[in-house]
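Right, one structure below, let's go through it.
If you're wondering where the values come from, they're calculated on a predicted model, not measured in any experiment. Only heavy atoms go into these numbers, but all of them, side chains included; no hydrogens, no water, no symmetry mates.
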Amino acid sequence: MTGLASLTWLIGTQALSDHIVARVNELVEAGNEYAQACTAVTDAANAGEAWAIAATRQAWERRPDTDDDAPIRRLYVLERTGNTVVVADLDLDEDPQANRTGGLQLQHSRLADEEQGAVIDVDLLNLYDLTDWKPFEHLLPTAAVPAAGTTGVGE
């Protein structure tokens, strides 16, 4: 799934906007000008580049043309920290023998650990397509926020 329209459809305008602003802020903190950072992030997100769109609570599926380069078919992002992501193998419960983990580097060998996951470079996700994204509920535009002066409970 690529393109800003597809990402907006997947998680909504507010959550996508918050994600893009966070990436822009990272580039600005790294010394880029704001306008340059905005252009870089929106162009990259529109192109589906992993460095711009990778985030916690995403599912990624291996592209058909990268079978040999990406031994795990589906990944789930447990956490993103800077230029790395902690991922787990989504298919492990369905068929533990279906994945070829022999070619993984040592730091990637923990993909089978659903609680800890494996730390990989975010660019490895470019071998995959984003298939699902569940941002935290407080980012979703449908989240109920109590009005000022109310508790939000039973009112």
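L27 and A37 get closest at one heavy-atom pair: CB-CB, 3.7 Å. Contact detail for T131 and W60: the closest heavy-atom pair is OG1-N, 4.1 Å. Of all non-hydrogen atoms in A44 and A52, the two that sit nearest each other are CB-CB, 3.6 Å. Across every non-hydrogen atom of A55 and H19, the tightest pair is CB-CE1, 3.7 Å.
Within 6.0 Å of CG in D123 there are more than 12 heavy atoms belonging to other residues, nucleotides or ligands.
For the atom pair C38 SG and D43 CG, the distance stands at 10.5 Å (nearest 0.5 Å). With rounding to the nearest 0.5 angstrom, the CZ atom of R80 is 8.5 Å from the CG atom of L125. Rounding to the nearest 0.5 Å gives a distance of 4.5 Å between CG of L16 and OG1 of T8. Atoms OG and CG, on S17 and L7 in that order, are 12.5 Å from each other to the nearest 0.5 Å. In this structure, I53 CD1 and I20 CD1 are separated by 10.0 Å, a value rounded to the nearest 0.5 Å. Separating the CG atom in L78 from the CD atom in Q58 is a distance of 11.5 Å, to the nearest 0.5 Å.
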Test log, rule side chain to side chain contact (heavy atoms under 4.5 Å, CB included), inputs I120 and V85: CA-CA 6 Å; I120 63 171; V85 288; 3.5 Å; yes
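N25 and E29 form no side-chain donor-acceptor contact under 3.5 Å, judged by distance and modelled atom types alone.
Panel note: side chain R57, backbone D132; no donor-acceptor pair is recorded below 3.5 Å. In terms of modelled atom types and a separation under 3.5 Å, the side chain of D129 and the main chain of R63 share no donor-acceptor contact.
Contact annotation: the side chain of L10 approaches that of L130 to within less than 4.5 Å [non-hydrogen atoms, C-beta and beyond]. In this structure the side chain of V41 reaches within 4.5 angstrom of the side chain of W51, judged on heavy atoms. Taking 4.5 Å as the limit, every side-chain heavy atom of R74 sits out of range of all side-chain heavy atoms of Y128.
Linking Ile, Leu, Val, Met, Phe, Trp and Tyr residues whenever their side-chain heavy atoms come within less than 4.5 Å places L4 and W9 in a single cluster.
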